[in-house]
Amino acid sequence: QVQLVESGGGLVPAGGSLRLSCVGSVRTFWTLNVGWFRQAPGKERELVAGNRLYGGSTDYADSVKGRFTISRDNAKNTVYLQMNSLKPEDTAVYYCAANRGPTISTSNMDYWGQGTQVTVSS
């Protein structure tokens, strides 16, 4: 069982930045695909950014491209989400998730963190 613990959420004004962190509980964290998801009130959970082990490729939702960056430090079992130029519509609970499958999506992640709240004020 892999436990994921997110941190770094908070309240930030529009245009500001935050960096979310997600620490995995296993030394084999580097073998997992990882992704950041978010869920706003009344909306479905969506993929924000993903980092695939196979090929090391990254994907971003169109709404965050150029503003958010996913990265990982395998030596620290940690994945980050750097969020810049934040907008009020980025307000949501952000979740870290991981899997061993070939793709990253809301329906096929094996492990989820508890989530961290990000609130962007206008």
Side-chain angles (χ1 to χ4, degrees):
Q1 185 70 14
V2 177
Q3 292 184 327
L4 303 172
V5 179
E6 303 101 332
S7 62
L11 174 64
V12 63
S17 298
L18 281 174
R19 188 177 79 158
L20 305 183
S21 299
C22 171
V23 180
S25 63
V26 294
R27 286 179 292 177
T28 54
F29 186 71
W30 66 274
T31 66
L32 303 175
N33 303 314
V34 292
W36 284 98
F37 299 77
R38 69 185 179 187
Q39 187 165 19
K43 295 187 177 182
E44 294 185 353
R45 190 171 298 186
E46 62 173 349
L47 174 64
V48 175
N51 176 265
R52 285 196 295 271
L53 173 65
Y54 301 100
S57 62
T58 57
D59 296 303
Y60 297 94
D62 288 342
S63 59
V64 307
K65 282 181 181 177
R67 300 189 298 123
F68 290 12
T69 303
I70 186 171
S71 62
R72 61 194 301 172
D73 185 338
N74 290 326
K76 296 181 179 179
N77 291 346
T78 302
V79 60
Y80 303 99
L81 184 68
Q82 177 66 45
M83 306 186 294
N84 298 327
S85 303
L86 282 161
K87 305 175 181 180
E89 51 264 42
D90 294 318
T91 296
V93 177
Y94 284 71
Y95 299 89
C96 172
N99 74 7
R100 293 186 171 88
T103 62
I104 299 173
S105 73
T106 55
S107 61
N108 72 346
M109 307 308 287
D110 298 319
Y111 311 105
W112 290 89
Q114 82 288 352
T116 185
Q117 177 71 46
V118 172
T119 302
V120 184
S121 61
S122 57

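- The CG atom of Leu20 sits 7.5 Å away from the OH atom of Tyr94 when rounded to the nearest 0.5 Å.
- Scanning all heavy atoms of the two residues, the minimum distance from Leu47 to Thr106 falls at N-CG2, 4.1 Å.
- Of all non-hydrogen atoms in Leu4 and Gly24, the two that sit nearest each other are CD2-CA, 3.9 Å.
- A cation-pi contact, defined as under 6.0 Å to the ring centre and within 45° of the axis, links Arg45 to Tyr95.
- Partners of Ser71 under the side chain to side chain donor-acceptor pair (under 3.5 Å) rule, at least two apart in sequence or in another chain, do not exist in this structure.
- Proximity of a side-chain donor or acceptor of Asn77 to a complementary backbone N or O of Val26 within less than 3.5 Å is detected.
- Formation of a donor-acceptor pair under 3.5 Å by the Glu6 side chain with backbone atoms of Cys96 is found in this model.
- With sequence neighbours left out, Tyr60 forms a side chain to side chain donor-acceptor pair (under 3.5 Å) with no residue at all.
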Donor-acceptor pairs under 3.5 Å, side chain of residues 81-88 to any protein atom, not counting sequence neighbours: which ones?
from: Gln82; atom 1: NE2; to: Asn84; atom 2: OD1; distance (Å): 2.9
from: Asn84; atom 1: OD1; to: Ser17; atom 2: OG; distance (Å): 2.9

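- For the 3.5 Å distance criterion, the side chains of Thr91 and Glu89 fail to qualify, holding no donor opposite an acceptor.
- Between the side chains of Tyr80 and Arg19, no donor-acceptor pair of N or O atoms lies under 3.5 Å.
- Contacts of Phe37 classified as ring pair (Phe, Tyr, Trp, His ring centres under 6.0 Å), with partners at least two apart in sequence or in another chain: Trp112.
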Apply the test side chain to side chain contact (heavy atoms under 4.5 Å, CB included) to residues Val79 and Trp36: give CA-CA distance (whole Å), side-chain angles for both, the deciding distance (0.1 Å), then the verdict. CA-CA 9 Å; Val79 60; Trp36 284 98; 3.9 Å; yes
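- Listed by first and then second residue, the salt bridge (Lys or Arg N to Asp or Glu O under 4.0 Å) pairs that reach into residues 64-85 are Asp62-Lys65, Arg67-Asp90, sequence neighbours excluded.
- Thr103 and Ser105 share no donor-acceptor pair across their side chains, judged by distance under 3.5 Å alone.
- In this view, Asp59 and Arg52 satisfy the salt bridge (Lys or Arg N to Asp or Glu O under 4.0 Å) rule, not counting sequence neighbours.
- Sparse packing is recorded around CD of Gln3, with 12 or fewer heavy atoms of other residues, nucleotides or ligands lying under 6.0 Å away.
- Between Arg100 and Thr28, the shortest heavy-atom distance links the atoms NH2-OG1, 4.3 Å.
- For Ile104 against Asn99, the heavy-atom pair with the smallest separation is CA-ND2, 4.4 Å.
- Nearest approach of Ser121 to Leu11, heavy atoms of both residues: CB-CD1, 4.3 Å.
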